[in-house]
Amino acid sequence: MTSQRTRDRLINRLQQQGIDNEQVLDVMRRVPRHIFVDEALAHRAYEDTALPIGYGQTISQPYIVAQMTQLLLQEDGTPYSVLEIGTGCGYQTAILASIFPQVYSVERIEALYQQARKRLAELEFFNVQLRHTDGTAGWPNLSYHFDRIIMTAACTEIPEALVAQLRPGGVMVLPFDDGRDQTMTKITRSQEGLVSETLERVAFVPLLPGLE
Ligand code: SAH
């Protein structure tokens, strides 16, 4: 159920859905998703579906992980650092860490943060820094600026602190909730200000304030 053949089938499916970035496909083929879910769900890890990870949260659907990562890589140049809001089980973090030299990720639920930390260390991702903190305030060290920011929980307002931590020319990808629908949104910090692009409909858990 976690064999290379099962994984390859998932990659084919991602390609059929329009994921064409070779680097993204390659990394998704290699990073073991079954390590990031409960053992009882490991046999479903290579289905293209979100799965529960406890605490009312879910591991994102592989297509969504691939699509968001692909969006982060669309612009010219080689982005160096990325900040993720919502570590969850750490799977998207692992995908990012396989591509970006520096990955920073924050999670508001302590138990998930601890678990992700353990898994990512076991898989020897040494280029990841995790924090148990509320991501609406951005990365705790305010002097940090990121080439890319990815949010894996839906927000109803774009947190100002995140915009402030996005480098000029930087790109932020997030699910935006306008009160009716959630849409994948790509925001570029250009010289003229923020340029927003609305993409497909999505379904994410909400961005919540405070810590648990
Ligand atoms: N990429 C993760 C997605 C998990 S779901 C994965 O595939 O596992 C979204 C996560 O965002 C949840 O773990 C939730 O606890 C976290 N989250 C929600 N609001 C947050 C906030 N303000 N700061 C940090 N994390 C938050």
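Numbers here are sequence positions counted from 1. Counting starts at 1 for both ligands and their atoms, in listed order.
Under 4.0 angstrom from ligand 1, the non-hydrogen atoms of I59 come from both its backbone and its side chain. By the criterion of a heavy-atom distance under 4.0 Å, neither the backbone nor the side chain of T93 is placed next to ligand 1. Contacts with ligand 1 closer than 4.0 Å are made by no heavy atom of P209, backbone or side chain. The side chain of L112, and not its backbone, has at least one atom closer than 4.0 Å to an atom of ligand 1 (non-hydrogen atoms only; side chain from C-beta on). Within the 4.0 Å heavy-atom criterion, the part of Q57 lying near ligand 1 is the side chain and not the backbone.
For the pair T183/E200, no side-chain contact is recorded, criterion being any heavy-atom separation below 4.5 Å from C-beta on. Proximity of L96 to L72: side-chain heavy atoms (C-beta onward) are separated by under 4.5 Å at one or more points. L25 has its side chain out of reach of D20: every pair of non-hydrogen atoms, C-beta onward, lies at least 4.5 Å apart. Contact annotation: the side chain of K118 never approaches that of Q115 to less than 4.5 Å [non-hydrogen atoms, C-beta and beyond]. The side-chain heavy atoms of Q57 and I53, taken from C-beta on, include a pair separated by under 4.5 Å. Two residues are said to be in side-chain contact when any heavy atoms from C-beta on lie closer than 4.5 Å; L41 and F36 fail this criterion. A heavy-atom distance below 4.5 Å is found between the side chains of L174 and M172.
With ligand atoms numbered from 1 in the order given, ligand 1 contributes 21 (C), 22 (N), 23 (N) to contacts under 4.0 Å with heavy atoms of D134. Of all atoms in ligand 1, listed by their number and element, those nearer than 4.0 Å to a heavy atom of Q92 are 1 (N). Those atoms of ligand 1 with a heavy atom of E84 less than 4.0 angstrom away are 1 (N). The distance from ligand 1 to the heavy atoms of V205 drops below 4.0 Å at these ligand atoms: 5 (S), 9 (C). Per-residue contacts place I109 under 4.0 angstrom from the following atoms of ligand 1 (heavy atoms of the residue considered): 15 (O). For ligand 1, the atoms lying closer than 4.0 Å to a non-hydrogen atom of T133 are 23 (N), 24 (C). Of all atoms in ligand 1, numbered sequentially from 1 with element shown, those under 4.0 Å from a heavy atom of P206 are 18 (C).
Of the protein's heavy atoms, E107 OE1, 3.4 Å lies nearest to atom 16 (C) of ligand 1. Scanning the protein for heavy atoms near atom 11 (O) of ligand 1, the closest one is G86 CA, 3.2 Å. When only non-hydrogen protein atoms are considered, atom 20 (C) of ligand 1 lies nearest to R108 CD, 3.3 Å. With hydrogens left out, the protein atom closest to atom 21 (C) of ligand 1 is L208 O, 3.5 Å, a heavy atom. For atom 3 (C) of ligand 1, the nearest non-hydrogen atom of the protein is T152 OG1, 3.4 Å. Of the protein's non-hydrogen atoms, the one nearest atom 23 (N) of ligand 1 is G135 N, 2.7 Å. Atom 7 (O) of ligand 1 has as its closest protein heavy atom S60 N, 3.1 Å. For atom 4 (C) of ligand 1, the nearest protein heavy atom (residue, atom name, distance) is T58 O, 3.1 Å.
Using a non-hydrogen distance threshold of 4.0 Å, V65 does not register as a contact of ligand 1. Ligand 1 has no atom lying under 4.0 Å from any heavy atom of A50.
Ring to ring, F146 and Y104 are close: their centroids are under 6.0 angstrom apart.
Residue contacts with ligand 1: I53 is placed with no nitrogen or oxygen under 3.5 Å of a nitrogen or oxygen of the ligand (distance criterion only).
The number of heavy-atom neighbours closer than 6.0 Å to CD of Q114, taken from other residues, nucleotides and ligands shown, is above 12.
Not a single donor-acceptor pair under 3.5 Å links the side chain of Y63 to the backbone N or O of G18. Side-chain atoms of D177 do not come within 3.5 Å of backbone N or O of P206 as any donor-acceptor pair.
Between D48 and R13, at least one side-chain nitrogen of the basic residue sits less than 4.0 Å from a carboxylate oxygen of the acidic one, meeting the salt-bridge criterion. Using a cutoff of 4.0 Å between basic side-chain nitrogens and carboxylate oxygens, E122 and R119 are not scored as salt-bridged. Under a 4.0 Å N-O distance rule, the pair E75/K186 qualifies as a salt bridge.
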